[in-house]
Every structure is written in C-alpha cells, then in structure tokens.
J.: 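Below: one structure in structure tokens.
Residue numbers begin at 1 in each chain, while the letters A, B, ... track the order of the sequences. What you see is a predicted model, and the numbers here were worked out from it, not measured in a lab.
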Amino acid sequence: MCADSSSTPSTFSSDSKFSSTSRKAASVLSHHPERITSGEQARQLAGIGRKIADKIDEFLQTGHLRKLDKIRASDVAVATAELSRVSGIGPAKARQLIDGGVRTLEELRARPELLNRHQTLGLRYVTEFESRIPRQEAAAIERHVLHRVAELDGRYRATVCGSYRRGAESSGDVDLLITHPDYTSDGAETGRRRTVDGAETGRGRSAAGSATARGSGRSAGGRLLGAVVDHLSQDGFVTDTLSQGDSKFMGVCRLPGAQYTTHRRLDIRLVPHDQYHCAVLYFTGSDEFNRQMRAHALEQGFTLNEYGLRPLGTTGVAGEPVPVGSEREVFEYLQYPYRPPEQRNL
DNA sequence: GTGACGAGCGCATCTCA
DNA sequence: TGAGATGCGCC
DNA sequence: GTCAC
C-alpha cells in the first residue's frame, strides 16, 4: 500500500484506519437529523467513540480544533491539497512531488516531465474541471451524445446518469452509460467476459488490458466502446482521453459552439445488456439512496449491486440474477415504493 | 484486551522475475 | 516480456 | 478508531 506512511508522519495517509473511521463518523453525523449539542450526545451514535466526542466538545466550546489548526498550518498539507487538485495526482504522487521540491501548480507546470498522461491533462484543465456544469449545458451534452450514438448504431442504448439524472442544477461531470444487445454478461461469442457479480471476487485483476493492447484485436466490448468514442471524437466533441479500456472510457469533451468554452469531464461505461438497468440505477445514485436501497434489498432477501439483483438463499448464498426489464422492476421486486431519479437525492 | 473491519473495480503504470 | 502490485478515480 | 466479543 502506502510505501512508508510510518516513516513520515503524514497528515493525510489515504489508507489509514483514521481516514475511514473519521469518514464513517462524519457520515453518521451529517445524516443525523438533529443538531448535535454535545459530545456526549454524539457518543450515542454508531461510529462515534470517545476521541471523536472529545473533539466535538472542543469545537463546541472553542469554535475550532487545535489539531485541525495545526494540520492546516502545515506546509505539507497545504501543498498536498494544492497538488491534489490535479486529476491523476493523489496522496502518493503529491508526496513524491513535494519530496522533489514541487509544491505549487506553478512549479508543477515548470516540470512537465514529472507527469504521466492523465496528470498532464489534469494539470492543463485543472480550473476547467473544477467548474460546475450548468444543467442547461449538461442537457446539451446529453442531446449531442445521444444523437451521435444513435446515428452510429441505432441499437445502442444510452443514458446520462449521475446527479444530472437526479435533476441537479449543476453537475461535476457527465457520466454516460451505454449498452448494446451484442454485449452481454455471459460473453457468449464475444469471448471471455466472466459473469461479474462483485460479491465474492476479491480484488480480482483480470488480463482485460492485454487483449486490447495486443495488435490482434479488441474484444467485443472494446470494439463497441471504441466505436462510440471514435465517433464522438470525429466531430471534435471528445477532445482527450485520460484512460480507455474495453468497458470504460474516461476523458474530456467540449461541445461545439462559441458559447461553450469549458472542457468537461466525460465518462462512458459500456455495460452488459442484461445488467443495464441495475447499472443505471446504481450510477444514478445518490450514494445514500443506493445504501438505503441495498439495505432494503437485504431485508427482502436480495442482494443488489451495479451488476444485478440476486435472491439470497437460506444459506445466504446469492442465486442467479433476476432478469430485470427496467429500473422500475427493481423497485417492484423489492416492494420498494418507486422513486423517480429526482427523488433520490438523499 | 483482542481481533475484525473499512467497497470494490477498471485502467495506467510501475516493479520484478 | 508478462504477471502482479500499486495509484488513482469513482456511486 | 470503533465495535463486538
């Protein structure tokens, strides 16, 4: 994992228990319906222990936290936060840069040789990526993309998910899900696509990349996704690629027309046809809505994830995925009152 | 006091045999 | 050169 | 760090 988080007492170590525990505590607190007036009160909540409760009391009494002040004052933390604005730079790369004497974006621009492709683009577009996408522009992107995909092959199905689908007035990026009847999870004919369910696989790394990289050819998924990306690049809409494999493209786009001056983050995922509705549900979110719906699924004896809805046997082992013909059907199977995307902002 | 736990996956890139 | 490890982004 | 044991 993190090379040596022990040697240098880092303020942010991404994988420490501290971060996830704090995240859990923060999540619990932020979802608590009532105002917290004492550490003792917060202590009653799941995930809040003595230390966090003490900090709540300190903040309530003094209006700030000594430890937080210290962290904010630390140069390394400031530099890490600054460098992490760049997409593709995380805690490890930031530390490496700081160790090499680079602490600001200005200094980073002077050392382009230190960055890989993703990071180079992240630096180029750092300000543009930080600006929100107004709903009107996201809608224009949606129209453009759906039109272009349809003219490429009318059998594609595509949906813009994320906060845009939930009706948000602005979005951070555009998340497009696409599917095609020729691409299914059983991988018949298309060649090697294991039936993914994400439940019992650990951190399984497959050799997905090698099939694409080799000259011989792309998988069915690679071709279907590649065709869409190529088509969207033809007219200049897709301007850059951060990464692209057989099933996921991450890149940059900008609509034609003088009124659109800002480059936007665009993700395109190719999803197996039989998993499409569960994927759309999942990628529409919100995070909290997904958690609640999954919890409800468990109570109903199902397991729900982006790959499908599966019944749980008496032993707790997941069975075969239930065929799902629409997002609404997932709700119905679970006897969960249907909520349109605009009402999933939890 | 001790051990389990924290999401998990796709892609790019590094590391090492 | 290829398998595995690591870093990163992301509901 | 927090929780269940």
J.: Please list, in numerical order, the residues of residues 109-126 of chain A that have a heavy atom closer than 4.0 Å to any atom of DNA chain B.
T.: A:N116, A:R117
J.: Could you tell me the separation between the OH atom of A:Y164 and the CG atom of A:D173, rounded to the nearest 0.5 Å?
T.: 13.5 Å
J.: At 4.0 Å (heavy atoms only), tell me whether A:S87 reaches a base, stays on the sugar-phosphate, or touches nothing.
T.: sugar-phosphate
J.: Distance between the P atoms of C:dC11 and B:dC5, in whole angstroms?
T.: 27 Å
J.: Ring pair (Phe, Tyr, Trp, His ring centres under 6.0 Å): which pairs involve residues 38-58 of chain A, sequence neighbours left out?
T.: none
J.: For the pair A:R269 and A:E306, find out whether any cationic side-chain nitrogen is under 4.0 Å from an anionic carboxylate oxygen.
T.: no
J.: Looking at every strand, decide which applies to A:F283 at a 4.0 Å heavy-atom threshold: base, sugar-phosphate, or nothing.
T.: sugar-phosphate
J.: Is any side-chain nitrogen or oxygen of A:R291 closer than 4.0 Å to OP1 or OP2 of B:dA7?
T.: no
J.: Taking only the side-chain heavy atoms of A:Y307 (C-beta and beyond), determine which of C:dC11, B:dC9, C:dG9 contains the nearest atom.
T.: B:dC9
J.: Scan for ring pair (Phe, Tyr, Trp, His ring centres under 6.0 Å) pairs involving residues 233-276 of chain A, sequence neighbours excluded, and state none if there are none.
T.: A:Y125-A:H263, A:H144-A:F237
J.: To the nearest Å, give me how far apart CD (A:Q275) and P (B:dG10) are.
T.: 11 Å
J.: Calculate the interatomic distance between A:L242 atom CG and B:dA12 atom C1'; express it in whole Å.
T.: 11 Å
J.: Side chain of A:S247 only, heavy atoms from C-beta on: which candidate in B:dC9, B:dC11, C:dC11 is closest?
T.: B:dC11
J.: Listed by chain and number, what are the side chain to side chain contact (heavy atoms under 4.5 Å, CB included) partners of A:D230, not counting sequence neighbours?
T.: none
J.: Find the distance A:R269:CZ to B:dC9:C1' and express it as a whole number of Å.
T.: 10 Å
J.: Sort out for me which residue in A:Q300, A:R294, A:Q292 forms a side-chain contact (heavy atoms from CB on, under 4.5 Å) with A:H296.
T.: A:Q300
J.: If I take atom CZ in residue A:F249 and atom P in nucleotide C:dG9, what distance separates them, rounded to the nearest angstrom?
T.: 17 Å
J.: Which residues in residues 155-179 of chain A have at least one heavy atom lying under 4.0 Å from any atom of DNA chain B?
T.: none
J.: Could you note down all residue pairs passing side chain to side chain donor-acceptor pair (under 3.5 Å) where residues 333-343 of chain A supplies at least one of them, sequence neighbours left out?
T.: none
J.: How long is the line joining CD of A:Q292 and P of C:dC11, in whole Å?
T.: 19 Å
J.: Going by the rule salt bridge (Lys or Arg N to Asp or Glu O under 4.0 Å), which residues pair with A:R166 if we only count those two or more places apart in sequence or in a different chain?
T.: none
J.: How long is the line joining CD of A:E306 and C1' of B:dC9, in whole Å?
T.: 7 Å
J.: What residues, two or more places apart in sequence or in another chain, satisfy side chain to side chain contact (heavy atoms under 4.5 Å, CB included) together with A:A94?
T.: A:T80, A:L83, A:S84, A:I89
J.: Looking only at side-chain atoms of A:K248, point me to the closest of C:dC11, C:dG9, B:dC9.
T.: C:dG9
J.: So which protein nitrogen or oxygen atoms get under 3.5 Å of nucleotides 2-5 of chain D's nitrogens or oxygens?
T.:
residue	atom	partner	partner atom	Å
D:dT2	OP1	A:G49	N	3.1
D:dT2	OP1	A:I52	N	3.4
D:dC3	OP1	A:G47	N	2.6
D:dC3	OP1	A:I48	N	3.4

J.: I'd like to check the side chain to side chain contact (heavy atoms under 4.5 Å, CB included) partners of A:R111; sequence neighbours left out, ordered by chain and number.
T.: A:V102, A:E113, A:L114
J.: Could you state the atom-to-atom distance from CZ of A:F129 to C1' of C:dC10 in whole Å?
T.: 15 Å
J.: One pair to check against salt bridge (Lys or Arg N to Asp or Glu O under 4.0 Å): A:R109 and A:E106. What are the steps and the verdict?
T.: CA-CA 5 Å; A:R109 285 194 190 92; A:E106 189 182 345; over 6 Å; no
J.: Among C:dG9, B:dG10, C:dC8, which is the nearest nucleotide to the side chain of A:A92?
T.: C:dC8
J.: Roughly how many Å apart are B:dG6 and D:dC3, using the C1' atom of each and rounding to a whole number?
T.: 12 Å
J.: Sequence neighbours left out, what pairs pass salt bridge (Lys or Arg N to Asp or Glu O under 4.0 Å) with at least one residue falling in residues 247-260 of chain A?
T.: none
J.: From the set B:dA7, C:dC10, B:dG10, return the single nucleotide nearest to any side-chain atom of A:Y282.
T.: B:dA7
J.: Quick one: A:N290 CG to C:dC11 P, roughly how many Å, whole number?
T.: 11 Å
J.: Partners of A:R143 by side chain to side chain contact (heavy atoms under 4.5 Å, CB included), sequence neighbours excluded?
T.: A:A139, A:A140
